[in-house]
Amino acid sequence: MQTFRIGVDVGGTFTDLVLLNEKTGEVYEIKVLTTSPNPAEGVLDAICRAIDKIKEGGEAVRAVFHGTTIATNSLLERRGAKTALITSRGCRDVLEIGRQIRPSLFDWNAEKPPPLVPRKWRYEADERIMSDGTVLASPKKEEILDLLEKIEAEGIEAVAVSFLFSFIDNTHEAFIEELIKRKKPHLTLCISSKVLPEYREYERTSTVCANAFITGVLNRYTDRMNQALSEIGLAEKLRLLQSNGGVATVEALKDRWITTVLSGPSGGVTASSYLAKQKQIPNLISMDIGGTSCDICLIKDYLADWTVESSIGGLPIRSPMIDVKSIGAGGGSIIWVDSGGALRVGPKSTGSDPGPVCYGKGGQQPAITDAHLIAGAVHPKSFADKGIKIDFKAAQTALKELGRTIGLSAEEVATGAIEVMNHSIAHAIRVAAMGELGGFAMVAFGGAGPLHACPVAEQLGIDRILLPDFAGVFSANGAALADYRYDFVQGHPKRMDEVNESELEDIFKRLVKMGEMKFKELPSLENRIDRSVELRYLGQSFEINVPVADKGSSGLNKQDILQRFHRLHEENYGYSDTREPVELVNVRISCFAMTPKPKLARSRYEPFQISNAETADILAPGKRVRISHAVIDRAQLKPKERFFGPCLILSRNSTTLVSDGWSGSMDEDGTIELLKGDMQ
């Protein structure tokens, strides 16, 4: 029997699904409009359509890998559980004090977002462990029971516990955990020593509160999804994509849903890393332009940049995650005029409902998709499979009305908006790369990525672009290809000259045991554990992640670790000083269980039946005349067949605009490679 894997990515406008044949590598794709406010409806609709394509039915589907924005939206919209915080005496206001950094340095009226837990629901316990592990005060049972009665009276649904030095000694948090589970088992409970056992009390407290806030939302969503999947023969096969680019079982995420908070963009980066290895291109810029945003990530030596620091809606979140930079620039991004009469794009989006004006679903505000339609780059045939009938006149009227306020025609507004968006994306990539773009190629995907690839690449001086076969559903494809991944960390602030190697090995062993417990769920998959430490020079505020080689029975070598730290510091900041004392901050492991990676086969799309002589007259950004572009059906392209710009390549999931001066060809797996100028 053939077996399949499903990858799902829920975007602001479309929900994408790929059905991957684990043996042949064939991919069947589905794209439906995202159903707001309940995205599960669109996900289930797409899954049911996929199962209809499988002769064996749901039994042949091994797993559903689901990238989701549920956690992100819960935090942004402040729709979550009524959450209380129990913290050490004197630390009640940590969430509001935060850091000295203001959201806007010179804006006296700038306000930080309010904490998820209001002050009236933050409770202090008579507890204190010192930084050296000395116990000054232990919480009393009667005191905690009294706090629980107050919490109960307030109708609280979730409780976060964050004591000052619990990452050194979690005895007091464990005491609270056991007491609440016994006395108030109906409360959702999150303790910081499990969610984030690191120092920095503000970030740790913010993260554990966010985890408590979203846990109920994610539990209800996954319970409903599992129930619905069970009814169609996919019981307990749901897996969620995490911010770190790996997937995890629902059960493994029950106490740490915060790891999914940026899972949405990570699927595309996972797929880009996979493509980089397949094409042997070590350095890539991943550019994902969907309906709502443009997500950017740098891939160096085949590995995506990653970080542990992020913020959602102004709230600091610490969790290992792929370092994706997002800006509000997508096909649904709204075109508008600011108070100074300048044309602007985004960050607000029309979403899937009502969508751009040309969708004919009641949208009144013109979007970038409307601009591309008027410019001539969007072909109505591309939307037929999505059940969308394009309304050219409505889009033209909306752009004309907007242009009237600043003396521009509909066509000038369209090309101007596209140019503004291209500049915004190029600027965001420069900031992300900090000027290091030499030797980088670009992989462009998402429904709108291939439309903007050439002009953005030209602004950045990039002369090589990859356009994957499944560009419009590439993030869903990345979810289907993801490995299982679990991250564990232990804070251990101490000078390295005071740390011995056996001490480090003991911490690694404790973390590895936690990872091995997760592997028990996945006995048939090959696994790997990566070890690292986070170091800094004494007195610095931020640390560098330093990989630690596993030398088997010979153990780790502290001098090797220090030498590697100095070298990485030199690479990152341009200097190092081997005489300076080095401080250990965190010990970290990443556990991987590898999913099989079939060689992907080219899509078998129905051709558009485009004649060889068909052309499209397109307004290029910054131009006032239309340029004739040859129209090519991607389904009819032959491997290694060369084509030259200017041309427009149509496919069922995305449209590619190839500028003059670029040429390209397609590989056997359906990937198009574009080359600029002398690279031809």
Side-chain angles (χ1 to χ4, degrees), residues 85-92 94-95 97 99 124-140 144 159-180 189-209 211-212 255-256 258 308-309 316 318-320 487-515 531-536 538-543 545-546 548 556 558 561 581-589:
L85 169 67
I86 299 177
T87 188
S88 305
R89 191 167 304 283
C91 298
R92 182 182 183 186
V94 160
L95 289 176
I97 295 171
R99 297 289 176 200
E124 296 178 331
D126 191 14
E127 180 278 343
R128 181 57 58 91
I129 292 175
M130 300 296 285
S131 61
D132 62 358
T134 303
V135 178
L136 285 188
S138 299
K140 303 294 189 295
I144 302 305
V159 176
V161 182
S162 182
F163 289 152
L164 192 57
F165 286 102
S166 61
F167 62 93
I168 292 176
D169 183 347
N170 72 341
T171 304
H172 294 165
E173 286 195 354
F175 169 73
I176 302 291
E177 180 183 31
E178 188 276 333
L179 194 59
I180 293 179
L189 175 64
C190 299
I191 65 172
S192 72
S193 54
K194 285 187 176 179
V195 175
L196 188 68
E198 300 181 26
Y199 97 119
R200 292 192 175 101
E201 65 273 16
Y202 171 49
E203 288 79 5
R204 176 160 46 89
T205 304
S206 175
T207 301
V208 73
C209 287
N211 192 73
D255 61 351
R256 210 177 298 182
I258 200 67
V308 294
E309 297 184 55
R318 279 184 70 88
S319 179
D487 290 288
F488 300 93
V489 64
Q490 178 60 59
H492 195 72
K494 199 172 184 180
R495 283 175 58 138
M496 280 295 281
D497 55 15
E498 298 174 355
V499 176
N500 58 56
E501 291 164 346
S502 61
E503 184 180 355
L504 275 177
E505 285 285 12
D506 287 343
I507 298 173
F508 275 125
K509 285 177 182 177
R510 290 199 299 271
L511 295 177
V512 167
K513 281 185 179 179
M514 297 167 69
R531 309 191 302 173
S532 65
V533 292
E534 290 170 354
L535 305 176
R536 64 187 182 187
L538 198 64
Q540 287 184 320
S541 298
F542 299 98
E543 51 275 1
N545 185 270
V546 181
V548 174
L556 56 82
K558 191 167 77 170
I561 295 171
V582 176
E583 185 179 25
L584 170 67
V585 178
N586 295 313
V587 180
R588 190 180 296 277
I589 68 166

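Looking only at distances, a side-chain donor or acceptor of Glu124 sits under 3.5 Å from a matching main-chain atom of Gly90. Not a single donor-acceptor pair under 3.5 Å links the side chain of Arg128 to the backbone N or O of Phe163. No donor-acceptor pair closer than 3.5 Å links the side chain of Asn586 to the backbone N or O of Glu534. Listed for the Glu505 side chain is a donor-acceptor partner under 3.5 Å among the backbone atoms of Leu556.
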Run the side-chain contact (heavy atoms from CB on, under 4.5 Å) check on Val94 and Thr87 step by step: do they pass? CA-CA 9 Å; Val94 160; Thr87 188; over 6 Å; no
Steps toward side-chain contact (heavy atoms from CB on, under 4.5 Å) verdict (Val533, Met496): CA-CA 11 Å; Val533 292; Met496 280 295 281; 5.8 Å; no
Stepwise side-chain contact (heavy atoms from CB on, under 4.5 Å) check, Leu511 with Gln490: CA-CA 8 Å; Leu511 295 177; Gln490 178 60 59; 4.2 Å; yes
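No side-chain heavy atom of Val159 sits under 4.5 Å from any side-chain heavy atom of Ile176.
In summary, Arg318 and Glu309 engage in a salt bridge, as defined by a charged side-chain N under 4.0 Å from a carboxylate O. No salt bridge links Glu503 with Lys558; every basic N to acidic carboxylate O contact stays at or beyond 4.0 Å. Salt-bridge annotation for Glu173 and Lys194: absent, with no side-chain N of the basic residue lying under 4.0 Å from a carboxylate O of the acidic one.
Taking all atoms of both residues into account, the shortest heavy-atom contact from Ala125 to Ile86 is CB-CG2, 4.2 Å.
If you check the side chains of Ser193 and Ser166, you find no donor sitting under 3.5 Å from an acceptor.
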